[in-house]
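Data block below; observations after.
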Amino acid sequence: MANAAEHSGANGHAGVIGGSGGRLGAARLMLWALAGLLAVRQAAVVLRVPPGEWLSDFHLPGTPGSLPGSLYDNGQFTGTPFAGLVLKPLLGLAAPSLEVAWTCVTLLFVAAVGLVAARGLPDPVPRRTALLAAPVLVALMMVSLPVREAASPGQTAVLPVLLVLLAVFRVPAERPSGFLIGLAAALQPALLLFAPLLWLTGRKPTARAAAATFAGATALSWASLPRDSWTYWIEHLAGTGLGGAPDGLANQSVHGALLRLGLSGPGEIVLYLALAAGIAWIGLRRAARYARDGQLLLAVAVTGCVAVAVSPAGWRHQLLWVLLAVAGKVGKRAADRSVWPVAVVLAMTLPSAVLLPNLAALAPVRDNVLLLAALAAACTVPFLPRSSPYWREPVATAYGRPAPARWARVPLLPFWRRVLSRPNLLLELLLIRVGYSLYSHIRAAAPTSRTLAEGNGSQIHGMEKALGIDIEHAVNHAVANKPWLEAFFNFYYTSFHFVVPLTILAVLYWRRPKDYRWARASLGLATVLALIGFWLYPLAPPRLMPGMGYVDTVHGVQDLANPSYGAMTAISNQYAAMPSLHFGWSLWCGIVIIMLAPKGWQKLLGALHPAITVCAIVATANHWVLDAVGGAVVVSAGFGLVYVLSGPRGAALPAGVLPRPRQPERVGAGSGQRTRA
């Protein structure tokens, strides 16, 4: 009996492992397919450039648009003289062949960086991480700003990264690995900082080999290209000012940031040198500590971030090191572990205007987002050491029990579980800002055909007449004839749309975190559904319907013969009216307040807000009555989807009961990190 039970249990366990392995294999295959599609997309973007324009970016003698005899006569080539010496033989290839070959090789280098970096994760590596790390990293790099710019012709930024990773993780001998790092420094001089890192971690022969290789390659370029070497190293101080103004946004270095702040002259140079020395001192000491701790990938990423930050010209295509810094673990709580990776991925893949509002006070931060991410990785982010008790087992996140009221036949998302703890504030602010930016872009990009929108407006008006609810004209003119009432509705329409939802979210985050997640999810889902409506059904609001006599009380008199309708069109899509999120968000506010507010007068205020809002959108001629109905539908659908996914709002974990933390599955010794300190 015991043997039978053991056999049955073993079979069951093997079945679970086999099922888990099958799911991981399918997920890995899908991620590699995604990475491949992103690579094909990136290649298509580059290959669409005409061959003449493509080759002109090399700016080497013999290419179209370049001057004979010098690399730097036109000031556009940013590589070292050694890089120019390496690239010159490529000019013998035909333009289309060179274009295709360069693009394919660059993208293959990116894939190789992902594979080598994934193998450099410190042991013990959870099985899921070991299988999925490489395709995830490759996919992220394919959409990152550095790779999108590095795929342009003549850029060699990916190759130094690959050479350093190969030297650290794949080449066993000291001198060959130093040779690769020296070649990387010959292509990007700031990477010579890896020599001090090697020295600090006890790899002195490798450090000496790297320095000797760099010196030899530089001497070779001086002997072959003396004029260009003088221009690069002496006149332009290691390339500063080549390829663009040093204070341009593309120069994400400390020197570039100081110039953008208005500093110049000897004072700026002294300050830059002092800051660069401090950053190098702090960053290299941190990198050496992580290397001795067994986190070699993190040590390499930190050193690369230091190199780009202290270089006189740290171009965006050289910042791939920041993305590799996601290898570090930050935070004692499991809920905080995703903050640093998400922040890095957002900073490296999205324009800074998406991350921060277009305010003058935020310009110094917005213009230097990539530099700040590199500095944070190099100097300030408190990455956990492997000796920390939280390295393998962070403080567990409290989850509610699966809700029995879920619909049994609905295929639930496996990662959607009711979280009871307060989410990380920084992560919430990042996601809210990025979510709103994406919402604004999608809303503005929705179809804006005037003829179609006005036709749909006539259709809505006809439906309202048939239903007997076409009250917009009468209400609009009644309000327009009473200045005090017009001023009230105009103020309410323009002021409370964002303030009230944000206030409710802030109060719930501070006082009722479990309900905050429920409310935030329902609002987000409702907004996504509204975006689908904007895209599928462009609709002219009453104020933009010609010949109907509506008064635009908020924006003033509009010239309906002009399709642009003045400056308003540059701000937002004027035909994104169905459904009305002005009313939808106010209805969401009312429902949340009525359900959660402890006092009767608070519930009354919650009920009044959507009632006043529907009056305001009709009185100002910004929406039809049926737009408000559409807003109510998407908000109801948002609450309904949250109910289906996570059950009733009140479902919770009993007091004092916490789930046991998951024990990570580990791979065998053969698939972990193959490095040495």
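As a basis for the values below, the full set of heavy atoms in this structure was taken, side chains included, without hydrogen atoms, waters or symmetry mates. All of these numbers come straight from a predicted model, not from anything done at the bench.
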I'd like to check [X] versus [Y] (side-chain heavy atoms, cut-off strictly below 4.5 Å). Are they in contact?
X    : Y    : answer
V300 : W321 : yes
L346 : V434 : yes
P394 : K332 : no

Quick one: ring-ring contact (aromatic ring centres under 6.0 Å, His included) pairs with a partner in residues 513-535, sequence neighbours left out?
Y509-Y516, W518-F639

Any pair counted as side-chain hydrogen bond (donor to acceptor under 3.5 Å, both in side chains), so long as it reaches residues 337-349, sequence neighbours left out:
none

More than 12 non-hydrogen atoms from neighbouring residues, nucleotides or ligands closer than 6.0 Å to [atom1] on [X], yes or no?
X    : atom1 : answer
F491 : CZ    : no
Y390 : OH    : no
R511 : CZ    : no

Take W585 and T527, measure what side-chain hydrogen bond (donor to acceptor under 3.5 Å, both in side chains) needs, and give me the verdict at the end.
CA-CA 9 Å; W585 287 2; T527 303; 3.2 Å; yes

Can you say whether the rings of Y492 and F496 are parallel (under 30°), tilted (30 to 60°) or perpendicular (over 60°)?
parallel

Pairs of donor and acceptor atoms involving the side chains of residues 137-146, under 3.5 Å and at least two apart or interchain, shall be tabulated with distances.
unit_1: S144; atom_1: OG; unit_2: M141; atom_2: O; d: 2.8

Examine the side chains of W624 and S580 and answer whether a donor and an acceptor come within less than 3.5 Å of each other.
no

Distance-only donor-acceptor hits, side chain of residues 501-508, under 3.5 Å, sequence neighbours excluded:
unit_1: T503; atom_1: OG1; unit_2: V499; atom_2: O; d: 2.7

May I have the list of side-chain donor-acceptor pairs in residues 596-604 shorter than 3.5 Å, sequence neighbours left out?
unit_1: Q602; atom_1: OE1; unit_2: K599; atom_2: N; d: 3.3
unit_1: K603; atom_1: NZ; unit_2: I594; atom_2: O; d: 2.6
unit_1: K603; atom_1: NZ; unit_2: A597; atom_2: O; d: 2.8

Listed by chain and number, what are the ring-ring contact (aromatic ring centres under 6.0 Å, His included) partners of H582, not counting sequence neighbours?
Y493, H497

